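Down below is the structure, laid out as structure tokens.
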Amino acid sequence: MENGSARATMTEFWQEHSEQATVEEMMLDSNARIISREELGAGIGRYTQHLVKVASQVTAVDFMQKFLDKNKEDNGHHGNAEFIQADATQLDFPENSFDLVFSNWLFMYLSDTELLSLAGRMLDWLSPGGYLFFRESCFHQSGDNNRSFNPTLYRSPSQYNHLLTSVVRDDPASGASQGSGFEIVMNKSVQTYIKMKKNQNQLCWLLQKVRRNCSANQGFATFQQFLDSQQYSCRGILRYEKIFGRGFISTGGARTTEEFVDMLALLPGQRVLDVGCGIGGGDFYMARKFGASVLGIDLSSNMVEIAMERSVEENLPSVQFEVGDATRRLFPECSFDVVYSRDTILHIADKLALFKQFYSWLKPGGKLLISDYCCGEKPWTPAFQDYVKQRGYILYTPPPVRQGRRTWRRRSLLHSWRRRGLGVSGRRIGPPSLSRSSRRSCREQRHYERSSFRSSLKRITATLCRAGGRSCNAVSRGTRDGDCSTLSDSETEKYKQC
């Protein structure tokens, strides 16, 4: 369909559904007024009424004059709002005009070509570090209004992810390999539709305009595209699941997950953040057995799409999933009782910055559980170097552990500790089984387990102490009473000496 014909069809569609300029017409749903009371800014001009209260200037655009007139009637008294009747595909603003572009149910009425063109112009309009927020209906329609025809394009979330992040605007001043593009901060289902209609197909996104090195990520536009196209393609994910069992893509599958999660002693209603949630097997287990409320985030949109499909089957509304970059995602302080991460942090270069985020997000006494892959001492073999480079891993080498006459390095570590305390149960994975001649008694082996864990915990303790200058003098106590505020400068210096 050519662009001119497509625009004419969309105009005809919305002329049919804008006769009275009601919220029911705008949302194409007979329950629109009920939904709009639950959902921020739903309906005609209601986004505008919230934005004008916090922004210095708001430009409201709609290509249906009746909708725009209603918006202007309700919000025109604000001195910082401008109203423009225009087709979004024809808009033109100067570069760096806006800090936020906010769009609701627009992209699903654009062809792929139109969407790519508009996304490029939005990059131009946004200032460096600016944000694009948008919300769309995915997979199928959500509203129950009768429609004589329906030109809407119900894309999958991964299609939006690919289209929006594939656009790059070159910056001539920075050289051929530099430019600006969108990076995904988060992508999740709209909670109101899950609550009111048991519908997970209403999704929203938050993207950020960032400088991009087009030669990075092994030729892919973003690291997220690299993951979804390489190790975590849909076929690759299902292959992992075939090995480790339904719902799991990590070593040990359900059995190891149950062993690790049971260490946390979760209580009903506790909030858990799963960083690198995969396809959700561990999250469903935490909700089903312990009654926890779990938010799983993963940068791979393929992972999250499969997890969302499984969540419909599991029927556990306390488990939610979103595509998110843990290094960019923001949560209020003291949001979670537990931060849980399995075999994920090897993908992240700035691990200390991530630990600072974890610390901020945890409530006092909250717990952090991490398992991750490590590596032996360098130099590595050429084959292993190539493997690590192809996967994009950032691997750390843990300190060596003496075991009789043997010295071995843990290839994978599991550590768990509490916020402001660091003293919690923990267990390392490994070592390889001993030969008969060097096998120890059970008592000696248990002593070895404890001492080796304490040795490896020292390194993590030192790293966590650097994460924001927090107290680490209560290793044996395990918890801290009080609020979420940081220490004073004098206290920080005192505890940095621990």
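These figures come from a predicted structure and were not determined experimentally. By convention here, the first residue in the shown sequence is residue 1.
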Taking it one step at a time, do V185 and Y131 satisfy side-chain contact (heavy atoms from CB on, under 4.5 Å)? CA-CA 9 Å; V185 177; Y131 291 92; 4.2 Å; yes

Working for side chain to side chain donor-acceptor pair (under 3.5 Å), residues R342 and S371: CA-CA 5 Å; R342 293 288 310 280; S371 72; 2.8 Å; yes

Apply salt bridge (Lys or Arg N to Asp or Glu O under 4.0 Å) to E241 and R310, showing your working. CA-CA 13 Å; E241 186 182 36; R310 303 288 171 80; 2.6 Å; yes

Kindly indicate, with the supporting measurements, whether the criterion side chain to side chain donor-acceptor pair (under 3.5 Å) is fulfilled by S156 and S158. CA-CA 5 Å; S156 69; S158 62; 3.1 Å; yes

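Using cut-offs of 30° and 60° for the angle between ring planes, the F93 and W125 rings count as perpendicular.
For an aromatic pair to be called close, the ring centres must be under 6.0 Å apart, and F102 with Y47 satisfies this.
Of all the heavy atoms in E114 and Y109, the pair that sits closest is OE1-O, 4.3 Å. Listed here is the closest heavy atom pair of D112 and R155: OD1-NH2, 2.9 Å. Between G278 and I249, the shortest heavy-atom distance links the atoms CA-CD1, 3.9 Å.
A distance-only check finds no donor-acceptor pair linking the side chain of S360 to the backbone of Q357 [under 3.5 Å]. With S341 contributing its side chain and V275 its backbone, the two residues share a donor-acceptor pair below 3.5 Å. In this structure a side-chain-to-backbone donor-acceptor pair under 3.5 Å is missing from D325 to I184. With hydrogens and angles ignored, the 3.5 Å screen pairs no side-chain donor or acceptor of E314 with any backbone N or O of F284. No donor-acceptor pair closer than 3.5 Å links the side chain of D274 to the backbone N or O of V294. Under the 3.5 Å distance criterion, the side-chain polar atoms of K351 are left unmatched by any main-chain donor or acceptor of Y396. Remark: side-chain polar atoms of R328 are not paired, donor with acceptor, to backbone N or O of Q208 under 3.5 angstrom. Within the 3.5 Å criterion, the main-chain N or O of V304 finds no donor-acceptor partner in the side chain of D298. Side-chain atoms of N187 come within 3.5 Å of backbone N or O of C204 as a donor-acceptor pair. Using modelled atom types, no side-chain atom of D228 and backbone atom of S300 make a donor-acceptor pair closer than 3.5 Å.
T222 is not listed as a side-chain neighbour of N161, based on a closest heavy-atom distance of 4.5 Å or more.
Around CG of D386, the count of heavy atoms belonging to other residues, nucleotides or ligands within 6.0 Å exceeds 12.
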